[in-house]
Amino acid sequence: MSTSTAQVFIDTNRTIAPISPLLFGGFAEHMGRCVYEGIYDPESPHADERGLRKDVVEALRDQSYTVIRYPGGNFLSGYNWLDGVGPKAQRPRRRELAWQSVETNQFGTNEFIEFCAAINAAPMLGVNMGTGDIQSASNLVEYCNLSDGTYWSDLRASHGFREPHDVRYWCVGNEMDGPWQIGHLDAAAYGSKALEAAKMMKWQDPTIETILCGSSNDRMPTYPEWDRVALEIAWEHMDYLSMHYYTGNREDDTASYLASAVLFERFVDTLEGTLRYVKAKRRSKHDVHLSWDEWQVWYKGDPKQGNWAEAPHLAEEIYNLEDALVVAQWLNVFLRKSYVLKIACVAQIVNVISWLHTRRDGLLKQPSYYAFKLVSNLARGEALDVLVKAPELETKQYDAVPALDVSASYDDETQQGAIFLVNRGQTEAVVTDIVWQDGRTVHIDEAWQLAGSDPKEVNSWDEPNRLIANAISAPTVEDGRATLNLPPLSFTALSTRTA
Ligand code: AHR
């Protein structure tokens with residue numbers, strides 16, 4: 001195998017911004033087998049007394065999710081939250097139009113809150129801006145967050161939940177720019193409805209934070225004008241603008257696909273510019289940040305709708321090594337953009353567009369599971385502005401890109417750091433010098449690597465551990481410098497400690 005060389009310069013004083021813990025979030029939708037047979041499966045030998053899958057809960061805890069967005073997605077825009085609360089025997093079976101499935105409503109808001117507690121994540125709820133009205137959005141905030149003594153808070157207590165749920169994060173609708181959305185609106189109509197909903201919701205509970213629907217992706221004909229118009233109307237009542245993006249190696253052009261970080265950064269840059277523009281135009285002192293609350297690789301799975309089945313198999317993607325390396329870059333971008341990006345939720349957490357698949361009696365972890373787990377467990381404190389000098393690779397879509405995609409973090413309180421390095425080259429190892437420029441004494445405590453020789457390599461039920469993150473020997477740091485061999489098609493994570 002041929003090799004080249006690179007240098008990565010780290011300075012713990014050269015910071016970007018504090019890393020919001022909410023960057024390691026997930027998304028759970030009533031779609032396919034995410035909720036039923038994923039999170040909740042009373043028939044499974046792995047179910048606890050509430051019907052939650054213990055093996056799924058354990059894997060999600062292992063990934064240290066901090067926040068979970070629920071209940072949709074496109075599902076949200078036809079959902080009446082009242083269907084999913086109260087005695088289960090009385091909950092209606094409904095035809096669910098977004099995914100053309102039958103929704104049993106055996107899992108709803110209160111079960112979701114219990115599930116979040118089981119995995120130590122904060123809940124992020126959506127209010128329906130499709131068929132739903134602003135009154136229903138306001139009622140749900142009262143139901144969840146008010147202590148008692150009023151109609152909706154007492155209703156919650158009568159359902160067995162005396163203490164309020166204290167839901168802080170609220171999505172005001174989902175992908176309302178998309179013609180596929182139930183009750184789709186144009187930007188001005190949506191902005192006005194979202195403003196009125198958020199006003200009522202914040203009057204119910206002024207501590208909540210609201211998320212305005214941004215463009216569904218950068219290919220929408222209305223992008224980024226949609227974002228500007230909706231923001232100009234609703235700015236003062238919103239705390240975040242949502243971004244959604246699904247990618248994939250559709251052209252089977254692995255070199256370009258492995259440079260996806262370029263595209264992700266451009267998407268953030270455009271919306272960051274839009275936020276700055278609207279803030280200036282409104283002469284506002286208020287800030288709105290970005291919430292990338294749907295992101296994932298999604299292109300191989302069967303796009304068919306549910307044929308009016310309960311929990312149909314929908315979008316159950318098989319992920320390979322190149323997909324995992326794209327996920328690792330996505331996470332690198334989250335750290336590099338941490339000054340404006342404050343929330344991110346991978347879509348979705350189990351079965352649907354997910355790196356975690358269930359069978360009634362088993363669980364399969366796909367390669368990108370390990371990339372997420374490493375970053376969500378190690379990135380703490382502030383993101384660092386890393387200087388990378390690496391050889392360049394030619395790509396069809398993005399011209400020349402550096403062979404290495406890198407991010408780093410440092411927590412001044414614990415003096416722990418982390419460095420995340422993707423070698424996006426397919427043939428050359430890169431012998432990389434990591435140079436600490438701040439004069440502190442550093443040790444590398446542990447190192448892990450996810451690597452393979454074939455970008456199309458996968459884990460399967462028969463061979464579930466072909467691609468995992470292996471512990472590798474941690475390189476020694478001498479005179480503020482360590483040397484590391486980064487194989488082609490690899491993701492490496494280092495955890496460091498400053499003396
Ligand atoms: O995550 C699957 C779907 O993708 C969501 O329902 C929707 O918001 C997006 O288009």
Side-chain angles (χ1 to χ4, degrees), residues 1-10 14 16 217-219 243 245-273 292 295-297 299 319-338 340-341 344 367-368 371 374-375 383-408 419-435 449-456 484-494:
M1 186 188 300
S2 59
T3 56
S4 58
T5 57
Q7 290 89 42
V8 169
F9 297 92
I10 306 276
R14 199 167 57 228
I16 298 173
N217 58 66
D218 68 347
R219 300 178 299 273
M243 315 166 59
Y245 204 87
Y246 295 94
T247 193
N249 190 358
R250 296 189 178 85
E251 314 289 323
D252 198 15
D253 170 5
T254 293
S256 298
Y257 185 47
L258 288 176
S260 291
V262 176
L263 184 154
F264 304 151
E265 290 199 320
R266 283 182 194 162
F267 193 23
V268 174
D269 289 345
T270 302
L271 292 172
E272 183 199 345
W292 202 327
W295 67 269
Q296 184 50 297
V297 175
Y299 65 108
Y319 292 124
N320 57 27
L321 176 60
E322 64 183 9
D323 298 326
L325 298 177
V326 167
V327 163
Q329 290 177 55
W330 225 318
L331 296 161
N332 280 344
V333 170
F334 292 168
L335 297 201
R336 295 199 292 262
K337 297 294 181 188
S338 54
V340 63
L341 188 65
S368 31
L374 283 170
V375 184
L384 300 181
D385 184 6
V386 181
L387 174 64
V388 180
K389 290 189 176 175
E392 295 201 318
L393 302 171
E394 270 311 312
T395 69
K396 275 194 210 136
Q397 277 190 51
Y398 309 109
D399 301 327
V401 297
L404 302 186
D405 186 75
V406 185
S407 72
I419 307 174
F420 307 103
L421 308 107
V422 176
N423 180 357
R424 42 164 72 119
Q426 296 179 66
T427 52
E428 278 204 333
V430 181
V431 178
T432 303
D433 275 342
I434 304 184
V435 183
Q449 203 160 64
L450 172 70
S453 50
D454 177 359
K456 308 294 182 194
L484 193 62
N485 183 41
L486 301 176
L489 297 169
S490 67
F491 172 55
T492 305
L494 307 176

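All figures in this text were calculated on a predicted structure; none of them were measured in a lab.
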Does any pair with a residue in residues 385-399 pass side chain to side chain donor-acceptor pair (under 3.5 Å), and if so which ones, sequence neighbours excluded?
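Sorted pair list comes back empty.
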Quick one: [atom1] on [X] to [atom2] on [Y], what's the gap to the nearest 0.5 Å?
X    : Y    : atom1 : atom2 : result
L489 : L321 : CG    : CG    : 5.5 Å
T254 : N249 : OG1   : CG    : 4.5 Å
L404 : T432 : CG    : OG1   : 5.0 Å
Y257 : D252 : OH    : CG    : 11.0 Å
I10  : I419 : CD1   : CD1   : 4.0 Å

Quick one: closest heavy-atom pair of [X] and [Y], and the distance?
X    : Y    : result
Y319 : V297 : OH-O, 2.6 Å
P367 : L450 : O-CD2, 3.7 Å
P402 : A390 : CB-CB, 4.4 Å
A493 : L374 : CB-CD1, 4.0 Å
N485 : Q449 : O-NE2, 3.7 Å
V430 : A6   : CG1-CB, 3.5 Å

Give the intermediate values and the outcome of side-chain hydrogen bond (donor to acceptor under 3.5 Å, both in side chains) for residues D433 and T5.
CA-CA 8 Å; D433 275 342; T5 57; over 6 Å; no
Can L484 and L421 be said to form a side chain to side chain contact (heavy atoms under 4.5 Å, CB included), step by step?
CA-CA 11 Å; L484 193 62; L421 308 107; 4.2 Å; yes
Residue from L387, V386, L384 passing side-chain contact (heavy atoms from CB on, under 4.5 Å) with F9:
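When side-chain contact (heavy atoms from CB on, under 4.5 Å) is applied between F9 and each of L387, V386, L384, only L387 qualifies.
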For T427, side chain to side chain donor-acceptor pair (under 3.5 Å) partners two or more places apart:
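For T427, no residue satisfies side chain to side chain donor-acceptor pair (under 3.5 Å) once neighbours in sequence are set aside.
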Given I434 and L494, is the side chain to side chain contact (heavy atoms under 4.5 Å, CB included) satisfied, shown in steps?
CA-CA 11 Å; I434 304 184; L494 307 176; 3.5 Å; yes
Can you name the residues that form a side chain to side chain contact (heavy atoms under 4.5 Å, CB included) with R219, not counting sequence neighbours?
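Per chain and number, R219 pairs via side chain to side chain contact (heavy atoms under 4.5 Å, CB included) with N217, Y245.
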Run W292 and F267 through side chain to side chain contact (heavy atoms under 4.5 Å, CB included) and show every step you take.
CA-CA 10 Å; W292 202 327; F267 193 23; 3.8 Å; yes
Would you say T270 and M243 make side-chain contact, with heavy atoms under 4.5 Å?
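Of all side-chain heavy-atom pairs linking M243 with T270, none is under 4.5 Å.
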All N/O donor-acceptor pairs, side-chain side in residues 328-337, below 3.5 Å, sequence neighbours left out:
residue	atom	partner	partner atom	Å
Q329	OE1	A261	N	3.3
Q329	OE1	R424	NH2	2.9
Q329	NE2	L258	O	2.8
Q329	NE2	L325	O	3.4
N332	OD1	S407	OG	2.6
N332	ND2	D405	O	3.2
N332	ND2	D405	OD2	2.8
R336	NE	E265	OE2	2.8
R336	NH1	D405	OD1	3.3
R336	NH1	D405	OD2	3.4
R336	NH1	V406	O	2.8
R336	NH2	E265	OE2	3.3
R336	NH2	D405	OD1	2.9
K337	NZ	D269	OD1	2.6
K337	NZ	Y339	OH	3.4

Would you say the side-chain atoms of N423 pair up with the backbone N or O of P487, donor to acceptor, closer than 3.5 Å?
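Side chain of N423 to backbone of P487: a pair is present.
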Side chain to side chain contact (heavy atoms under 4.5 Å, CB included) for V262 and R266? Distances and angles first, verdict last.
CA-CA 6 Å; V262 176; R266 283 182 194 162; 3.5 Å; yes
For E272, which residues count as a salt bridge (charged side-chain N to carboxylate O under 4.0 Å, His left out) partner, sequence neighbours excluded?
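Scan of E272 (salt bridge (charged side-chain N to carboxylate O under 4.0 Å, His left out), adjacent residues dropped) gives R276.
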Applying ring pair (Phe, Tyr, Trp, His ring centres under 6.0 Å), name anything that partners F420, two or more places apart in sequence or on another chain.
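None.
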